[in-house]
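To keep things clear, I will list the structure first and then write my remarks on it.
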Amino acid sequence: MPAPSRTSLPERPAFQRALLRWYETHQRSLPWRKNGNPYRILVSEFMLQQTRVETVIPYYERFLKRFPSLRDLAKAPLQEVLKAWAGLGYYARARNLHEAAKAIVREWGGKIPRTKEELLLLPGFGPYTAGAVASLAFHQPVPALDGNAKRVLGRLFPEQCDFSRMSAKKQADEFLAGWIPPRRAADFNQALMDLGAMVCIPSSPRCTACPVFRFCATKGKIPKKKRVVRKVREEIWAVALVEKDGKFLLHRKEGRGLLSGLWQFPSVAVEKNQGKRGNSQDPGKLLEKYLREDFGLETRIKTSLPEQEHLFTHIHALMKPYLGSLAGTRPSFPNSGSLRWVGASAFSRYPISTAMCKIAALVGS
DNA sequence: GTCCTGAATC
DNA sequence: GATTCAGGAC
């Protein structure tokens, strides 16, 4: 393969010195940076996928108290892991982290693999997370390009690191590999990310505070970011608050889709174009039908409660909550694995999404 | 395309 | 109050 282009680029040692010197005095003080513990770094990197530092910190602290070691995490039930994750979003990350911990115990004797290639084989590890753990925890000289670092490189070296081009992604990775000081890989990668977070910010970068301004090709000129037009679909969810003796029916969502593994009040999607040609779309009736067919429960859905809205990346959900009760003469009282009667004060013992917490709040929690 | 949430900004 | 933004893996 051709060597990365090194023509018309700054002296690497000078660039590295400038960046590392800045990092020594300006680095962010983050809980997972305190003692270089690979497990703590691994947990933080999973939480930091698609999630901002300030959001992660309280979850991180609680998670580490609950699962102090990789083996603690590996032997815990998924439900416990999800409970510690509830509210943080992107719950596949929690599943992947749990699966990865189990795989590391099973296949690596509980020792986190040290190389990017080995880490990439584990669930939930993509190029960034594998590079981050390999470099930050094990000081391997490999790239770890998060959104911040990509923006920094895209501005510093737009020719070599044009991340708008798909084909250039690999090229940029190889380019960066040649710039990592072999003995300071962790500091160098973190310096790029911190620079992106604090100085080379998305809009109005603070170029006067930049330690590598003299190496920068664009001098803060913001490259036009491609507008990501994502289409959001509107959904209406009928949500059943079935009450019995002060307890409510909770249901664990199965599968691998949206909010799977988390507990919710039994819900069904309602067609939007209701009312036309009498296609029975009364939310209450739909819920009764759903509860009867899927859980064998005869219920009476009654009062409607105030609608709640929740916005996901790709779904704009309007939740219509209804109070209901059991109707059958037989006391059907399912407390199976995925169906429970739970008092409002005990909701917090279950992993419940932020969306469903809005519903839970209606009946006091 | 699917998967989430909270903060920033209009 | 509604929209945008920020952040990776599969």
Side-chain angles (χ1 to χ4, degrees), chain A residues 28 30 41-60 62 82 84-100 103 116 119-136 143-152 154 163 166 169 172-173 189 192-194 196-198 200-205 222-235 237 253-264 269 307-319 351-358 361:
Chain A
R28 291 177 289 180
L30 302 172
I41 290 169
L42 192 161
V43 170
S44 75
E45 290 302 342
F46 268 74
M47 290 188 168
L48 288 164
Q49 291 169 7
Q50 302 299 101
T51 305
R52 313 165 77 83
V53 165
E54 316 84 74
T55 307
V56 161
I57 288 174
Y59 284 88
Y60 171 84
R62 265 185 284 130
L82 286 172
W85 204 276
L88 195 52
Y90 287 119
Y91 300 98
R93 297 180 299 170
R95 283 199 302 272
N96 288 335
L97 174 59
H98 188 224
E99 286 304 314
K116 189 170 182 175
L119 290 162
L120 276 170
L121 300 173
L122 294 166
F125 281 83
Y128 167 71
T129 308
V133 172
S135 65
L136 308 190
L145 295 177
D146 73 345
N148 285 320
K150 281 181 182 171
R151 184 176 57 255
V152 172
F163 291 99
M166 272 305 200
K169 203 164 179 300
D173 238 46
N189 282 340
L192 279 181
M193 295 190 260
D194 279 15
M198 297 190 286
C200 198
I201 52 182
S203 56
S204 322
I222 304 150
K224 49 180 179 290
K225 48 202 156 190
K226 51 183 189 292
R227 161 171 288 290
V228 183
V229 187
R230 55 168 80 93
K231 56 168 82 86
V232 177
R233 64 175 190 269
E234 307 280 336
E235 289 194 2
W237 299 350
K253 215 169 177 238
E254 310 291 347
R256 303 232 117 203
L258 186 70
L259 304 177
S260 64
L262 280 83
W263 292 75
Q264 60 173 28
E307 294 179 347
Q308 304 293 316
E309 242 183 354
H310 192 77
L311 280 61
F312 300 92
T313 318
H314 53 305
I315 298 170
H316 189 161
L318 177 65
M319 300 181 286
I352 294 173
S353 69
T354 302
M356 278 299 152
C357 280
K358 294 176 184 174

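All heavy atoms count here, side chains included; hydrogens, waters and symmetry mates do not. In what follows, chains carry the letters A, B, and so on, assigned in the order in which the sequence lines appear, proteins first and then strands, with residues in each chain numbered from 1.
- Residue A:Phe312 contributes atom CZ, which lies 19 Å from atom P of B:dG1 at whole-angstrom precision.
- Of all heavy-atom pairs between A:Arg93 and A:Met47, the closest is NH1-O, 2.8 Å.
- Within the 4.0 Å cut-off from OP1 or OP2 of B:dT5, at least one side-chain nitrogen or oxygen of A:Thr354 is found.
- In this entry the distance linking CE of A:Met47 with C1' of C:dA6 reads 18 Å, nearest Å.
- A:Tyr59 has no side-chain polar atom (N or O) that falls below the 4.0 Å cut-off from OP1 or OP2 of B:dT5.
- As a whole-Å value, the separation of A:Lys358 NZ from B:dG6 P is 8 Å.
- If you measure from atom CG of A:Leu88 to atom P of B:dA7, you get 13 Å, rounded to the nearest angstrom.
- Straight-line distance from the CG atom of A:Leu259 to the P atom of B:dC3: 9 Å, rounded to whole Å.
- Each of A:Lys231 and A:Tyr91 was matched to the nucleotide of DNA chain B holding its nearest heavy atom; the match closer to the 5' end belongs to A:Lys231.
- Proximity note for A:His310 (side chain, C-beta onward) versus C:dA6, B:dT5, B:dT2: the nearest is B:dT5.
- By the ring pair (Phe, Tyr, Trp, His ring centres under 6.0 Å) test, A:Tyr60 is found to be paired with A:Trp32, residues two or more places apart in sequence or in another chain being considered.
- At the phosphate of B:dT2, neither OP1 nor OP2 sits under 4.0 Å from any side-chain N or O atom of A:His314.
- The salt bridge (Lys or Arg N to Asp or Glu O under 4.0 Å) search around A:Arg233 returns A:Glu235, not counting sequence neighbours.
- Scored by the salt bridge (Lys or Arg N to Asp or Glu O under 4.0 Å) test, A:Lys253 finds no partners at all (sequence neighbours excluded).
- Note on A:His316: every side-chain N or O is 4.0 Å or more away from OP1 and OP2 of C:dT3.
- Partners of A:Glu54 according to the salt bridge (Lys or Arg N to Asp or Glu O under 4.0 Å) rule, which considers only residues two or more places apart in sequence or in another chain, are A:Arg52.
- Rounded to an integer number of Å, the gap from CG of A:Leu311 to C1' of C:dA2 is 9 Å.
- Rounded to whole angstrom, the span from the CD1 atom of A:Ile201 across to the P atom of C:dC5 amounts to 15 Å.
- Legend: residues meeting salt bridge (Lys or Arg N to Asp or Glu O under 4.0 Å) with A:Arg28, ordered by chain and number and at least two apart, are A:Asp194.
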Do any N or O atoms of the protein come closer than 3.5 Å to N or O atoms of nucleotides 8-10 of chain C, and which pairs are they?
unit_1 : atom_1 : unit_2   : atom_2 : d
C:dG8  : OP2    : A:Gly147 : N      : 2.7
C:dG8  : O5'    : A:Gln50  : OE1    : 3.3
C:dG8  : O4'    : A:Gln50  : OE1    : 2.9
C:dG8  : N9     : A:Gln50  : OE1    : 2.9
C:dG8  : N7     : A:Gln50  : OE1    : 3.1
C:dG8  : N7     : A:Gln50  : NE2    : 3.3
C:dA9  : OP1    : A:Gly126 : N      : 3.2
C:dA9  : OP1    : A:Thr129 : N      : 2.8
C:dA9  : OP1    : A:Thr129 : OG1    : 2.5
C:dA9  : OP2    : A:Tyr128 : N      : 3.4
C:dC10 : OP1    : A:Gly124 : N      : 2.2
C:dC10 : OP2    : A:Phe125 : O      : 3.4

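- A straight line from CG of A:Leu262 to C1' of B:dT5 spans 13 Å, rounded to a whole angstrom.
- In this pair, A:Phe46 and A:Phe125 present their aromatic rings perpendicular. The plane angle is above 60°, beyond the 30 to 60° band.
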